[in-house]
Trainee: 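This is the structure I have questions about; it appears just below.
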Amino acid sequence: MARGEDMVVDEHLRELAARLQGPARLKSDLLTEARHGLLDAVEAYRESGVPPTEAQRRAVVEFGSPAQLLPSWQAELAVGALRGLSLRMLAIAGVGVVAGDLTWRGSSWSGGPRPPAGYLLLSNLVDWIWMGALALAVAGLLVVWASARAPRPGLALAQRAVGVGLTGILVLGVLAGCALFTWSLELWDAALHWPPMIIGGVLVGAGYFSLTRAARGWLLATAR
């Protein structure tokens with residue numbers, strides 16, 4: 001809990017918090033760790049006879065200004081955002097690859113006339129999008145792992161490239177998936193009442209929503 005005599009420290013942390021963008025939990029952990037470090041420094045100054053307000057001022061100056069701290073902190077938050085996006089994409093794309101065809105099995109129209117060539121091409125494209133998303137998600141996690149072990153300038157470029165790829169393939173997946181679902185309803189009226197199709201549509205929509213939030217978080221963290 002904040003104390004009245006910690007106002008200088010708290011104001012410094014509030015300024016940092018207002019300028020940081022990234023995963024809420026990681027951001028909170030960074031700020032909590034910083035506050036503990038600052039208060040330890042304040043306590044050390046006070047024990048040496050420095051007045052409370054001056055002790056806080058010295059601790060804040062020693063800790064670093066927002067301009068000094070933000071680049072490294074924001075980079076860490078961007079890596080955390082990429083990790084979250086990659087993990088969500090891995091889970092959702094994995095389900096999409098495994099369960100995509102289950103929405104059609106046993107349907108009343110599965111043994112009917114062959115769908116148009118364009119429809120089959122779009123269906124195959126959706127499958128390839130899910131596979132590409134899986135590959136990019138794995139690449140994202142590998143880049144995050146490598147960044148944690150030995151940060152290098154080249155890895156920052158790799159992080160951005162994978163993040164852009166994941167965001168792009170998400171947009172492509174949303175467009176292709178919605179087009180395929182709409183076309184399916186136009187071709188087969190029964191598709192609108194087929195339970196696996198309805199459940200699959202709801203789950204995919206929820207997955208796309210979750211991925212869109214994660215992609216937006218990564219974009220905001222990277223833009224700072």
Side-chain angles (χ1 to χ4, degrees), residues 1-48 50-92 136-167 170 209-224:
M1 181 178 296
R3 301 177 305 178
E5 63 267 28
D6 299 330
M7 293 299 295
V8 176
V9 168
D10 291 335
E11 181 61 30
H12 188 62
L13 293 176
R14 276 194 294 269
E15 184 179 356
L16 281 169
R19 297 172 64 178
L20 288 170
Q21 288 283 353
R25 181 176 297 179
L26 178 56
K27 179 178 173 179
S28 177
D29 289 344
L30 286 173
L31 292 170
T32 299
E33 183 179 350
R35 189 172 194 277
H36 289 162
L38 280 165
L39 293 182
D40 286 344
V42 170
E43 189 64 27
Y45 277 121
R46 292 185 64 179
E47 288 178 354
S48 65
V50 178
T53 301
E54 178 63 17
Q56 291 182 69
R57 191 193 67 79
R58 291 188 186 184
V60 165
V61 170
E62 184 181 89
F63 185 70
S65 67
Q68 293 171 317
L69 297 170
L70 281 173
S72 60
W73 283 27
Q74 192 58 61
E76 186 172 348
L77 288 171
V79 172
L82 180 61
R83 181 191 299 112
L85 175 58
S86 298
L87 286 171
R88 290 193 196 189
M89 185 66 81
L90 186 67
I92 293 171
L136 279 172
V138 172
L141 292 176
L142 289 175
V143 169
V144 168
W145 174 79
S147 300
R149 289 178 60 86
R152 293 189 295 272
L155 289 175
L157 295 175
Q159 292 167 20
R160 184 175 293 272
V162 173
V164 169
L166 287 169
T167 303
L170 170 61
F209 177 75
S210 176
L211 287 171
T212 299
R213 290 189 61 189
R216 178 180 179 273
W218 176 79
L219 287 170
L220 290 174
T222 306
R224 281 299 178 107

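No hydrogens, no waters, no symmetry mates; every other heavy atom, side chains included, goes into these values.
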Trainee: Which atoms form the tightest heavy-atom contact between Trp73 and Leu20, and what is the distance?
Mentor: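 The pair with the smallest heavy-atom distance is CE3-CD1, 3.6 Å.
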
Trainee: From Leu220 CG over to Gln74 CD, what is the distance, rounded to the nearest 0.5 angstrom?
Mentor: 9.5 Å

Trainee: Looking at Arg213, I want to see if its CZ is surrounded by more than 12 non-hydrogen atoms of other residues, nucleotides or ligands under 6.0 Å.
Mentor: no

Trainee: What's the shortest heavy-atom distance between Arg35 and Asp10, and which atoms?
Mentor: NE-OD1, 3.0 Å

Trainee: Counting N and O atoms only, with roles assigned by atom type, does the side chain of Arg58 sit under 3.5 Å from a partner on the main chain of Tyr45, one being a donor and the other an acceptor?
Mentor: no

Trainee: Rounded to the nearest 0.5 Å, what separation is found between the CG atom of Leu90 and the CG atom of Leu141?
Mentor: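 Rounded to the nearest 0.5 Å, the CG-CG separation comes to 6.0 Å.
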
Trainee: In Å and rounded to the nearest 0.5 Å, what is the CG to CG distance from Leu155 to Leu142?
Mentor: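 Separation between the atoms: 11.0 Å.
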
Trainee: Can you check whether Phe63 reaches Leu69 side chain to side chain, under 4.5 Å on heavy atoms?
Mentor: yes

Trainee: If every non-hydrogen atom of Ala137 is compared with every non-hydrogen atom of Leu166, which pair is closest and at what distance?
Mentor: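 Answer, listing the atom of Ala137 first, then Leu166: N-CD2, 3.8 Å.
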
Trainee: Does this structure show an ion pair linking Glu43 with Arg46, if we count only N-O contacts that are shorter than 4.0 Å?
Mentor: no

Trainee: At their closest point, which heavy atom of Ser65 faces which heavy atom of His12, and how far apart are they?
Mentor: CA-CE1, 4.1 Å

Trainee: Donor-acceptor pairs are to be reported for all side-chain atoms of residues 75-86 against protein atoms at under 3.5 Å, with residues two or more places apart or in another chain.
Mentor:
{"residue": "Ser86", "atom": "OG", "partner": "Leu82", "partner atom": "O", "Å": "2.9"}

Trainee: Please tell me if the side chains of Leu38 and Gln56 come closer than 4.5 Å, counting only heavy atoms from C-beta onward.
Mentor: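 When only atoms from C-beta onward are counted, Gln56 and Leu38 do not touch, as no gap falls below 4.5 Å.
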
Trainee: With sequence neighbours left out, which residue pairs that include part of residues 17-30 fulfil the side-chain hydrogen bond (donor to acceptor under 3.5 Å, both in side chains) condition?
Mentor: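 Counting only pairs at least two positions apart or across chains, no side-chain hydrogen bond (donor to acceptor under 3.5 Å, both in side chains) contact touches residues 17-30.
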
Trainee: Going by heavy atoms in the side chains, are Val50 and Ser48 under 4.5 Å from each other?
Mentor: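 A side-chain contact exists here, since the closest heavy-atom pair is under 4.5 Å.
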
Trainee: When rounded to the nearest 0.5 angstrom, what is the spacing between CG in Leu30 and CD in Glu33?
Mentor: 7.0 Å

Trainee: Excluding sequence neighbours, so at least two apart, what forms side-chain contact (heavy atoms from CB on, under 4.5 Å) with Ser72?
Mentor: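 Applying side-chain contact (heavy atoms from CB on, under 4.5 Å) to Ser72 gives none.
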
Trainee: Leu170 versus Met89: any side-chain heavy-atom pair under 4.5 Å?
Mentor: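 Heavy-atom side-chain distance check passes, below 4.5 Å.
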
